Amino acid sequence: MSAVQIQGNASGTGTLTIAAPNTNTNQTLTLPDLTGTLSVNGPAFSAYANAVQTFTTATSTKVLFQTEEFDTNNNFSSSRFTPTIAGYYQVNACIYFSAMSTLYGFIIIQKNGVDYKYGSTLVGTAAGCFAIVSTLVYMNGTTDYLETFASQSTGVNQNSNNGIALTWFNGAMVRGA
Amino acid sequence: MTLYDKLISLYPALTVADFNPITGTICLQNNSDGNGDYIAKWNHPTLARPTEEQLA
């Protein structure tokens, strides 16, 4: 018969409590036959722009997301996501340029101040277009951070539209380190 | 006048293609922190990175 062993950590001082839910039914929690760290409710965030932002031509400009839909672990601040739990994160960002064709726009996820993934523009309306990027990224849980930038090359300034459905940035941990 | 405008004025041979995030050799950036545009990367093969005095 295999066994279950609960092992403390000599370096820590806290007490780990395993608590039962309020139930009258017998349940069995089966652990995976793997070595690793179980992840429970990793950080998730979603934010969007609540103001029009102007983007100078040929200049990568940080996109501002002033309003949070949710930020479960308080890891999103100043339009920057800095998760405090190491792991792999799915992140997604979108911007809507209100008066631009699809030929000229980029959206960029920067990790630690360096371009990490690019996304280009997609067909939008006759007047404007979306730029979308989506990626999986490893974050170390301490210093790694993500920001969203956008760039356009029309030769003149372009404005983004604000709103929960138009210009947004979200993500969540999908597995631990 | 934006930093881009200043660079185009200083080097008329430059085009927006030189500033393309993927294929360009020059990257201008603005961190939306109130400090304005700046040159984040300058790898142009023939044109020298301008000095602060030239951009003033």
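Predicted, not measured: the structure shown is a model, and the values here were computed from it. First the proteins, then the strands, lettered A, B, ... as listed; each starts at 1.
Within residues 6-19 of chain B, the residues having any heavy atom less than 4.5 Å from a heavy atom of chain A are, in residue-number order, B:V16, B:F19. When the heavy atoms of residues 26-41 of chain B are compared with those of chain A, the residues falling under 4.5 Å are B:C27, B:L28, B:Q29, B:N30, B:N31, B:S32, B:D37, listed by number. Contacts of residues 49-56 of chain B with chain A at a heavy-atom distance below 4.5 Å are absent; not one residue qualifies. The interface of residues 54-65 of chain A with chain B, defined by heavy-atom distances below 4.5 Å, comprises A:T56, A:T57, A:A58, A:T59, A:S60, A:T61, A:K62, A:L64.
A:I109 and A:W168 are assigned to two separate hydrophobic clusters, defined by single-linkage of ILVMFWY side chains at heavy-atom distances under 4.5 Å. If you chain together hydrophobic residues whose side chains sit under 4.5 Å apart, A:F76 and A:I85 fall into the same group. Placement of A:F106 and A:F130 in two distinct hydrophobic clusters is found when ILVMFWY residues are connected by side-chain heavy-atom separations under 4.5 Å, directly or transitively. Hydrophobic cluster membership differs between A:I108 and A:V91, with clusters built from Ile, Leu, Val, Met, Phe, Trp and Tyr side chains linked at under 4.5 angstrom. In the hydrophobic cluster analysis, where Ile, Leu, Val, Met, Phe, Trp and Tyr join through side-chain heavy atoms closer than 4.5 angstrom, B:L3 is grouped apart from A:F149.
Using a 4.5 Å cut-off between heavy atoms, A:S153 contacts chain B through both its backbone and its side chain. Interface residue A:Q110: only side-chain heavy atoms are found under 4.5 Å from chain B. Only the side chain of A:Q53 comes within less than 4.5 Å of a heavy atom in chain B; its backbone stays farther off.
A:Y118 places a side-chain N or O within 3.5 Å of a backbone atom of B:P21 that can act as its donor or acceptor partner.
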